[in-house]
Peer 1: 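Here's a structure for you.
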Amino acid sequence: MKLIQKFTLLAFLVPLGAFAQQSVSGTVTEAATGTPIPGVNVLIKGSTKGTTTDFDGNFQMEAEDGTILQFSYIGFTTSEATVSGSTLNVSLTEDTQQLEEVVVIGYGAVRKKDVTGAVDLVSSKDFNQGPVLSPQQLIQGKVAGVSISSGGGAPGEGQNIVIRGQGSLSLSSSPLYVVDGIPLADGDGVGGSRNPLNFINPNDIESMTVLKDASATAIYGSRAANGVIMITTKKGKGNEFKFSYSGSTTLYDPTSYVAVMKANQFRTLINDIGDENAINRLGNSNTNWQDEIYGQAFGFDHNFSTTGNIAGFMPIRASVGYTNQDGVLKGDNFSRTTGSVNLRPSFLDDHLKIELNGRGSYTENAFANRDAIGASVDFDPTQAIYDPNSPFGGYFTWLNTDGVQNNLAPTNPVALVNLKDDTAEVRRFIGNAKVDYKLHFFPDITATINVGIDKSNSHGRTIVSDQMPSSQSDWNGSFSNYRNIATNKLFDAYATYVKDFNDKNSLNAVVGYSYQSFEEDDNNYDSEKEEDGIPPTTINKNKSVLLSYFGRLNYNFDSRYLFTATLRADASSKLNPNDRWGYFPSFAFAWNINNEQFLEGSEVINELKLRIGYGEIGNVSGLSDYLYLTRYTQSQSNANYQFGNSFYQTFRPEAYNENLRWEVGNTLNAGIDYGILNRRISGSVNAYIKKTENLISNVTVDPFTNFSNSIQKNIGDMVNKGIEFELNAIPVQTDNFNWSIGYNISFNDNELTNLPDQVEVGEINGGTGNRIQLHKEGYAPYSFWVYKQVYDENGRPIEGAVVDRNGDNQINNDDRYLYKNPYADVIMGLNTNLNYKNWDLAVVTRANLGNYVYNNMASSKSYERRATENSILTNLHTDYYNTGFKALTEVNLESDYYVQNASFFKIDNITLGYTLRDFIENTNLRFYGSAQNVLIVTDYNGLDPEINGGIDNNFYPRPRSFVFGVNLNF
């Protein structure tokens, strides 16, 4: 193995150096427990020559007798020892002044013990395990007040993250992501991608820091209204090259389907309610259409990385990874190839430090046809998949007399998944060059320049076979494609002043300038819109710019009193010139009570910090470009204007609002951080109030006052109030057995406090234009807007019987009321880790309480007439047995009967592993098995209680998965 390492070093042009006279080896352990410490830096004092300890705390190097070796490791006091002979064992003691981890906070970093805002750090050792494809999954259930859920069960599916409740009505409520100092574009911004963070290999991430309150996020100004997630990737370190490989194979298994009638149940229904024609339409098959479109799927993941040091001055880390995952919906696939490199050379006695990061990814997506999800619920289970007389590729189809598909009939689900190809490729590169120069003539000041780029190039196409069942008599298939180029450029320049004036006073000040531009270039083609052989190509280009000035001051007195003040000025090109600039201040104070004399030397209280902070943050995230200007849209090719014998495309003006202003959030946060019993118990408590003013939403305007009947407008205010509690405990800690527990719980209340006009939202299936949610003053946003259902003496809903709430003897919208909302009042996360000798076990669980879901699958698919109408047969949802509803009416559809309590408890992940230590010299091998989506406990009657937005309609089911993997470190 040493021979391999030496050849690797040669390949990187690393000189081996001259050999000393003797080899020195030993073990570095913790003084308190005797546990070996891996990764300890061992250097010859006064030089850069040295090594690091392996996974068992062992080291070996060349050094002469009398040489002084320095042993250093984060969280421990640096120790020195003199070489005398060939063996040297060293014990390190904990440094209580450095036990807290370093937290990246934006344009700098501080020790967590010196943080004044609401900040949570989750490092790689605490990340969730299992089949993790996107970074957000790493911290699911780990941070109080942070709700993370996938949009569905597709591989690489997007993740919905909300920090401390909904922050807006029409703008984005997602946090700002910052990757190695580069703030990413708002939203997805990348065509052909399921998730804006899929370009990052989770194996490359060192830590994720969540900034939750305004005093912590204000340094990022207008883009931080919904919190900030700082993603720090792994860096090069040590003096010898180390290598890591991880590989896994995953089996995905669909766990449950929408409850619809089986073939025999459906036959019984049709024989009971149908006429002779309906009965004659029954088939002779027993087809479970959901079984036909879903199935077990497999995936695998491989990652290889190396870290070390070139020539003693340039730490390096490089990695490659490949992931390929199928989806349980047939035809779904996610494939990703990633590569990254990090270089951190330093010059001029560390006065000049350079960090270079490059990260590239190539992602291929095959998007299964999700129309098949709804069709598999609707399609008659007595029909066979294939019909030899069908003109559509032999797939059974409900036909009209003219031989085309009945346009009111569902399409054969198997045909939908087999006869449509929707694929895309995304090439993405994100990189930055950061230069820190500590001024020789004024070493208290460090000047920093950070230049970054995030560029993606995506191509996609959709091909529908001419064999696809269609109601068009001249159907010959279709083809469409698109190209999307997105470019995000960043330039930061700032100076940091750090000064310790005496033993008790220290100052850290940052002042800087930032420029970031976002450009998109879209090109689309659709063959179905082609006329006279002219390709209907649509070209769309847009650009927005954010110009910023910022400053932050941190003052520390005697490690007892901490003060932070921040100011950021942002100008966004999305707003009109008169309202473009926003000024966002914040202030925070913290008191390290444990450093006061009356707690000095306490054996019980190790940390007790009181924090309070206030800040203002703006928001235009998710706001479209140029809304303050009149824009013109080209007419469709089939809506041309005729002059004589010629037809011309026209342009129509779009709605505009020249008075759009910033949404502004004002947040007050108070918190306590605590650690007791030698930090065996630690955590935090936070309470907050966030008021968002000038909310932007779509509103209806008077006729002839604009170019549309609705515009985006600043219209109201909203308040979020909540409490968060985090607890980390180590009940058992011995040489052979360690047990740790992490628990968090958060309470959030969300209310619209000022909204002149109510806004209907939440479009649902069933009828035309029906909406089930409403924004109204005095209620939570997205509250369900429903009728009060009346029940018989047996508790069965009476069809069409709802409460006349205003007593006017008629039922209309005036009788609807606001009932519950989709967002949980209480969010909890509980995880535990056990380590016994070479065994390790991790369990991750979550719970949501007080979240409600509107079961649109039941409401729109469980009425009797649906089974036989439109000269076809359509299957019913089994909720029909609970209601017996005959017809689909707005009153039935909008009944509060379908708004169901979706509180849940989930066992997200169980992972069991075993590590073979030094099974080959300096090589550790870990085997593990993992199960994901293990158990859901809920009273919700639908497919899954965790539905983003609260409307359950054609949801892609989340599968249960089983993983077997290996980790090899050498």
Side-chain angles (χ1 to χ4, degrees), residues 256-261 265 269 273 374 377-378 760-774 776 779-780 782-807 810-825 848-867 874-904 938-947 949-955:
S256 59
Y257 297 145
V258 176
V260 295
M261 291 185 180
Q265 292 175 308
L269 175 71
I273 69 170
V377 174
D378 295 340
E760 296 182 29
V761 291
E763 189 170 345
I764 57 175
N765 279 351
T768 302
N770 289 313
R771 297 177 185 273
I772 201 67
Q773 293 171 317
L774 191 71
K776 185 176 181 179
Y779 296 87
Y782 299 97
S783 291
F784 295 109
W785 188 38
V786 289
Y787 293 102
K788 182 71 173 177
Q789 180 66 48
V790 176
Y791 298 84
D792 64 18
E793 63 275 8
N794 297 318
R796 182 171 176 147
I798 301 173
E799 182 168 7
V802 296
V803 176
D804 179 11
R805 293 176 62 86
N806 63 0
Q810 57 181 340
I811 299 298
N812 53 34
N813 279 343
D814 293 336
D815 297 303
R816 295 169 73 178
Y817 75 111
L818 292 178
Y819 173 68
K820 306 299 183 179
N821 68 82
Y823 303 106
D825 300 319
N848 280 17
L849 303 178
N851 55 302
Y852 282 73
V853 168
Y854 172 77
N855 193 338
N856 198 194
M857 296 299 282
S859 67
S860 64
K861 300 177 186 296
S862 59
Y863 61 97
E864 186 176 287
R865 290 180 187 171
R866 165 185 167 86
T874 305
N875 203 1
L876 299 190
H877 193 285
T878 56
D879 193 62
Y880 167 76
Y881 295 123
N882 299 323
T883 65
F885 287 174
K886 305 293 185 183
L888 178 68
T889 64
E890 287 191 9
V891 170
N892 288 343
L893 192 67
E894 295 162 357
S895 166
D896 63 2
Y897 167 78
Y898 295 107
V899 177
Q900 300 174 1
N901 190 331
S903 301
F904 65 83
T938 182
D939 288 334
Y940 179 61
N941 294 326
L943 188 64
D944 194 306
E946 195 169 13
I947 303 291
I951 298 176
D952 184 357
N953 185 23
N954 293 342
F955 182 74

Peer 1: Measuring from atom CD of Glu894 to atom CD of Gln789, what distance do you get when rounded to the nearest 0.5 angstrom?
Peer 2: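 Taking CD in Glu894 and CD in Gln789, the distance rounds to 12.5 Å.
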Peer 1: So do Leu269 and Tyr880 actually touch side chain to side chain, heavy atoms under 4.5 Å?
Peer 2: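 Yes, side chains in contact.
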Peer 1: For residues Asn875 and Val377, determine if any side-chain heavy atom of one lies less than 4.5 Å from a side-chain heavy atom of the other.
Peer 2: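 No. Closest side-chain heavy atoms not under 4.5 Å.
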Peer 1: Arg865 vs Leu888, test: side chain to side chain contact (heavy atoms under 4.5 Å, CB included). Steps then yes/no.
Peer 2: CA-CA 8 Å; Arg865 290 180 187 171; Leu888 178 68; over 6 Å; no
Peer 1: Compute whether any side-chain donor of one residue and acceptor of the other, for Ser895 and Asn892, lie under 3.5 angstrom apart.
Peer 2: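 Side chains of Ser895 and Asn892: no pair found under 3.5 Å.
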Peer 1: Of the non-hydrogen atoms in Tyr940 and Val853, which two are nearest, and what is the gap between them?
Peer 2: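 Residues Tyr940 and Val853, closest heavy atoms: OH-CG1, 3.3 Å.
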Peer 1: Quick one: NZ on Lys820 to CG on Asn901, what's the gap to the nearest 0.5 Å?
Peer 2: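 That separation rounds to 7.5 Å.
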Peer 1: For Asp879 and Ala858, work out which heavy atoms get closest and say how close.
Peer 2: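 That closest heavy-atom pairing would be CB-CB, 4.0 Å.
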Peer 1: Count the heavy atoms belonging to other residues, nucleotides or ligands that lie under 6.0 Å from CZ of Arg771, then report whether that count exceeds 12.
Peer 2: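 Enclosed: over 12 neighbouring heavy atoms sit under 6.0 Å from CZ of Arg771.
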Peer 1: When rounded to the nearest 0.5 angstrom, what is the spacing between CG in Asn855 and CG in Leu943?
Peer 2: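 Atom-to-atom, Asn855:CG and Leu943:CG are 9.5 Å apart.
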Peer 1: Are more than 12 heavy atoms, taken from residues, nucleotides or ligands other than Asn813, located less than 6.0 Å from that residue's CG atom?
Peer 2: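 Yes.
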Peer 1: Side chains of Asn941 and Asn882: does their closest heavy-atom pair fall under 4.5 Å?
Peer 2: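 Answer no - side chains too far apart.
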Peer 1: Could you go step by step and tell me if Tyr863 and Glu799 meet the side chain to side chain contact (heavy atoms under 4.5 Å, CB included) rule?
Peer 2: CA-CA 10 Å; Tyr863 61 97; Glu799 182 168 7; 6.0 Å; no
Peer 1: Any heavy-atom pair between the side chains of Ser783 and Asn821 that's under 4.5 Å?
Peer 2: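 Contact flag for Asn821/Ser783 side chains = yes.
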Peer 1: Quick one: list whatever passes ring pair (Phe, Tyr, Trp, His ring centres under 6.0 Å) with Tyr257, sequence neighbours left out.
Peer 2: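 Only Tyr294 meet the ring pair (Phe, Tyr, Trp, His ring centres under 6.0 Å) criterion with Tyr257.
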Peer 1: Among residues at least two apart in sequence or on other chains, which ones pass salt bridge (charged side-chain N to carboxylate O under 4.0 Å, His left out) with Asp952?
Peer 2: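 Partners of Asp952 under the salt bridge (charged side-chain N to carboxylate O under 4.0 Å, His left out) test: none.
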Peer 1: I want to check something: taking the side chain as every heavy atom from C-beta on, are Met857 and Asn954 in contact at a cut-off of under 4.5 Å?
Peer 2: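 They are in side-chain contact.
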Peer 1: Which pair of heavy atoms, one from Gly949 and one from Gln773, lies closest together, and at what distance?
Peer 2: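 Heavy-atom minimum between the residues: O-NE2, 3.1 Å.
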Peer 1: Please round to the nearest 0.5 Å and tell me the distance separating atom OG of Ser903 and atom CG of Asn848.
Peer 2: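 Reported value, rounded in 0.5 Å steps: 7.5 Å.
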Peer 1: Please give me the minimum heavy-atom distance between Phe885 and Pro797, naming the atom from each residue.
Peer 2: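 Looking at all heavy atoms of both residues, the closest pair is CE2-O, 3.8 Å.
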Peer 1: Mind checking whether Val802 and Lys788 have side chains closer than 4.5 Å, heavy atoms only?
Peer 2: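 No, their side chains stay 4.5 Å or more apart.
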Peer 1: Using the ring pair (Phe, Tyr, Trp, His ring centres under 6.0 Å) criterion, which residues pair with Tyr782? Sequence neighbours excluded.
Peer 2: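 Ring pair (Phe, Tyr, Trp, His ring centres under 6.0 Å) check on Tyr782 returns His775.
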Peer 1: Can you name the salt bridge (charged side-chain N to carboxylate O under 4.0 Å, His left out) partners of Glu864, sequence neighbours left out?
Peer 2: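 If we apply the salt bridge (charged side-chain N to carboxylate O under 4.0 Å, His left out) test to Glu864, skipping adjacent residues, the hits are Lys886.
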Peer 1: Drop me the distance from Asp814's CG to Asn806's CG, to the nearest 0.5 angstrom.
Peer 2: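 Here the interatomic distance stands at 5.5 Å.
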Peer 1: Just wondering, do Asn856 and Asn765 contact through their side chains at under 4.5 Å, heavy atoms?
Peer 2: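 In contact.
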Peer 1: To the nearest 0.5 Å, what is the distance between CZ on Arg805 and OH on Tyr787?
Peer 2: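 Between atom CZ of Arg805 and atom OH of Tyr787 there are 12.0 Å.
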Peer 1: Can you sort out the partners of Tyr819 under ring pair (Phe, Tyr, Trp, His ring centres under 6.0 Å), two or more places apart, ordered by chain and number?
Peer 2: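 Result, ring pair (Phe, Tyr, Trp, His ring centres under 6.0 Å) vs Tyr819: Tyr817.
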Peer 1: What is the minimum heavy-atom distance between Ser862 and Tyr898, and which atoms define it?
Peer 2: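 Closest heavy-atom pair between Ser862 and Tyr898: OG-OH, 3.9 Å.
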Peer 1: Are the side chains of Asp825 and Leu849 in touch, meaning some heavy atoms are under 4.5 Å apart?
Peer 2: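 Result no, sub-4.5 Å side-chain heavy-atom pair not found.
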Peer 1: Of the non-hydrogen atoms in Ile947 and Ile951, which two are nearest, and what is the gap between them?
Peer 2: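 Distance-wise, the nearest heavy atoms are CG2-O, 3.4 Å.
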Peer 1: Kindly write out the residues that satisfy salt bridge (charged side-chain N to carboxylate O under 4.0 Å, His left out) with Asp378, not counting sequence neighbours, or none if the list is empty.
Peer 2: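 Lys861, Arg866.
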